[in-house]
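Have a look at the structure below before the remarks.
Quick note: numbers below take in every heavy atom, side chains included, and nothing from hydrogens, waters or symmetry partners.
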Amino acid sequence: MKNTTDSTLAQIPKNLTVNGFRHGLSQPSQVVSFTFGIIPAIDTEKMDDWLRENFEIDVAPYHGFDFSKSSQDIVHLAQFVWRVNHLANSLLQALRVPSFDPGCILSIEPEASIPPMFKTTLLIPFINHVPFSTVTTSFEKATQALLQFQNGNLENPDSDQIFADLQKQFSSDRELSLGSESCTISILKSAFRENIPFSYLGLGIYQLGWGAQSRLMDRSSTELDSAIGSKISQRKHHASQILKESGFPIPQGILVKNAEDAIHAAHRIQFPVVIKPADKDRGEGVTINIDSDALVTEGYQKAAGFSGNILVEKQIQGVCHRIFIANDKHLFTVKRTPKSVKGDGILTVEELISKANADEAKKPKHKRLKPFPLDELAIESITSAGYRLDSIPEKDVLVPLRKIESTEWGGSAEKMTDTIHPDNIQLAIQATRLLRLNVAGVDLMSTDVRIPWHQNGAALNEINCVPYLSGSSEESKKVISEYLKDLLPYKGRIPVEVFVGDQEAMHQGLARQKFLLEKGIRAHLTTHQASFHATEETHLELEADSLFLRCKALLMKPEVSGIILVIQTDEFAYTGLPVDSISKINLLNANLTKWNQPGHKIEDQAFKILMATLQQYLTNKPK
């Protein structure tokens with residue numbers, strides 16, 4: 001594809017944030033340029049294998065300017081830069097930047113220099129609030145890594161150092177907080193696959209969808225979750241008291257202020273007990289199987305390292321099961337087992353640990369599991385399970401390296417979605433409703449989740465208001481996809497119709513707005529100069545001085561259930577579109593004016609670029 005918008009970019013006013021959709025990209029775009037020297041011919045198959053093996057990257061089909069008639073130097077450089085772009089995208093994702101579209105190469109132009117140099121211009125995803133320096137650094141690191149490969153260094157790249165350098169750059173931007181390590185990026189990646197639009201609002205919060213169909217999301221929680229319920233759930237003891245008063249099975253617990261109080265509480269509750277911070281999640285500072293005063297003291301000191309609010313709780317027999325509830329529905333259930341190695345009937349426990357760590361070391365750093373430890377706690381857990389380091393576990397037998405599953409150490413999850421008893425599901429749904437949460441991870445301690453809670457002494461352990469929802473497995477992708485489909489039943493989209501022309505376009509747009517209102521669609525209309533409410537022909541005052549910015553503002557408003565764009569200038573030929581899909585294009589005439597020179601008729605080339613850009617994003621294209 002030849003570059004068509006690059007030559008017009010210089011005409012865009014500096015005060016306008018230009019991050020529109022263009023060239024068929026699925027995310028808003030920004031232009032970046034880099035200068036390269038001559039790149040020798042590359043073995044694309046070997047390089048692609050190298051990227052897949054070391055970074056888990058599958059290179060997409062080439063998208064960019066047509067270099068079929070270019071010199072071999074430009075052909076080689078285009079192949080090289082396309083792969084640099086993929087690696088840079090992967091590095092940005094490691095920093096929790098949701099940059100998923102591979103973008104395109106706009107141009108490669110030789111510069112008058114000795115030795116020969118080439119200016120390469122790319123179109124890549126634009127993510128709000130991400131500093132441009134972070135983007136350029138990722139490209140620099142990607143280029144360095146691929147140049148090492150190109151120069152014959154076929155060994156594994158020092159990916160740890162690459163990520164460390166990027167993280168240092170990223171951490172220097174104090175206002176950056178793009179969400180949790182993997183939960184947010186997994187959800188957004190699924191949204192991208194499902195064609196659900198999203199935009200970053202800052203503070204780790206994203207808007208998924210548009211207008212009346214949109215949702216605000218922070219990790220797995222949304223604005224539908226009660227702020228009061230979230231506050232309660234983060235105070236474990238208080239949440240337990242409320243649940244207990246409502247008739248839920250809750251283990252006895254006592255808040256304590258010092259180790260002596262903890263000992264008294266343990267005797268009152270009776271051993272065995274659990275000691276944990278009362279206001280922390282992720283299994284931090286938790287000690288189980290406490291059956292003596294000495295262990296109480298140790299458990300208290302450990303918990304006190306995380307919080308000043310310590311809870312001593314009766315230990316319930318069984319294993320923790322996480323029941324994920326969303327919108328009054330059961331999405332999945334997993335048995336949460338401690339960090340373990342799986343036997344193969346051949347290797348010893350020590351060899352299994354070594355192999356597990358070696359396998360993880362081959363993965364990109366941001367995709368590795370927590371290390372498989374061989375420390376004092378691991379040996380204690382191995383011994384308690386009846387094994388030694390030189391034992392050879394039978395095939396598929398799990399040997400625990402920790403006594404509990406936690407975010408600090410990691411663990412494994414056994415799917416129980418299809419076998420959990422309906423009574424246990426209903427218990428989780430009722431607990432979620434009680435706290436007015438739309439999304440929750442309900443932890444049920446049970447010896448067998450296939451048996452109703454009221455028959456085997458199971459008890460609720462915690463209600464988590466921001467449950468962890470992540471993973472690269474097909475099962476995890478399916479769960480996240482179902483979660484988003486339920487949350488955003490129309491992919492979060494509202495109809496966006498376009499009318500192109502002079503005053504006739506405005507008249508037709510207003511008539512269409514009235515028609516949609518009669519159908520129950522509160523469509524707001526906007527031109528580059530004015531915006532109008534859905535219910536009456538009165539101005540909607542917006543602090544925005546372009547059609548692009550006015551449309552972006554409407555997309556954020558929850559009262560907007562449709563948008564009518566009246567295009568009377570060639571603005572979008574320069575900025576790209578503010579949306580990635582258009583329901584319908586109505587071309588009334590070509591009597592448009594230059595958006596940066598009011599009163600001046602646009603040139604034919606600008607009109608062609610505008611219409612081509614609109615057609616690229618037309619949802620129902622004519623066959």
Any donor and acceptor pair, going by atom type alone, linking the side chain of [X] with main-chain N or O of [Y] inside 3.5 Å?
| X | Y | value |
| --- | --- | --- |
| Y387 | D390 | no |
| T134 | V130 | no |
| S190 | I187 | no |
| N456 | S446 | no |
| E394 | D344 | no |
| K314 | Q270 | yes |
| E298 | L295 | no |
| D443 | C320 | no |
| E462 | L444 | no |
| T222 | L224 | yes |

Which atom names give the shortest non-hydrogen contact between [X] and [Y], and what distance separates them?
| X | Y | result |
| --- | --- | --- |
| W50 | A145 | CH2-O, 3.5 Å |
| D486 | A326 | OD2-O, 3.9 Å |
| P373 | I353 | O-CD1, 4.0 Å |
| A356 | V341 | CB-CG1, 4.4 Å |
| R96 | P98 | O-CD, 3.4 Å |
| G285 | P277 | O-CD, 3.5 Å |

[X] [atom1] to [Y] [atom2] distance, which is reported to the nearest 0.5 Å:
| X | Y | atom1 | atom2 | answer |
| --- | --- | --- | --- | --- |
| I429 | I325 | CD1 | CD1 | 4.5 Å |
| K552 | N128 | NZ | CG | 7.0 Å |
| T333 | N424 | OG1 | CG | 8.5 Å |
| S340 | L352 | OG | CG | 11.5 Å |
| T184 | K189 | OG1 | NZ | 12.5 Å |
| I232 | I463 | CD1 | CD1 | 11.5 Å |

Determine, for F372 and K339, whether the Lys NZ or Arg CZ falls below 6.0 Å from the six-membered ring centre while staying within 45 degrees of the axis.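 Yes - K339 lies over the ring of F372, closer than 6.0 Å to its centre and within 45° of its axis.
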
Taking C-beta and beyond as the side chain, do [X] and [Y] meet within less than 4.5 Å on heavy atoms?
| X | Y | answer |
| --- | --- | --- |
| F139 | I124 | yes |
| I346 | I392 | no |
| Q213 | L488 | no |

Between Y206 and Y200, what is the ring plane arrangement, given parallel below 30°, perpendicular above 60°, and tilted in between? tilted

If you measure only the distance, is there a donor-acceptor pair under 3.5 Å linking the side chains of [X] and [Y]?
| X | Y | answer |
| --- | --- | --- |
| E414 | T337 | no |
| R493 | N195 | yes |
| D225 | S230 | no |
| K276 | N461 | yes |
| N289 | Q315 | yes |
| N309 | H237 | no |

With a cut-off of 3.5 Å and sequence neighbours excluded, list every side-chain donor-acceptor pair involving residues 251-258.
residue : atom : partner : partner atom : Å
N258    : OD1  : E260    : N            : 3.2
N258    : OD1  : D261    : N            : 2.7
N258    : ND2  : D261    : OD2          : 3.4

Just to verify, which of S233, S221, S226, S220 counts as forming a side chain to side chain contact (heavy atoms under 4.5 Å, CB included) with C465? S233

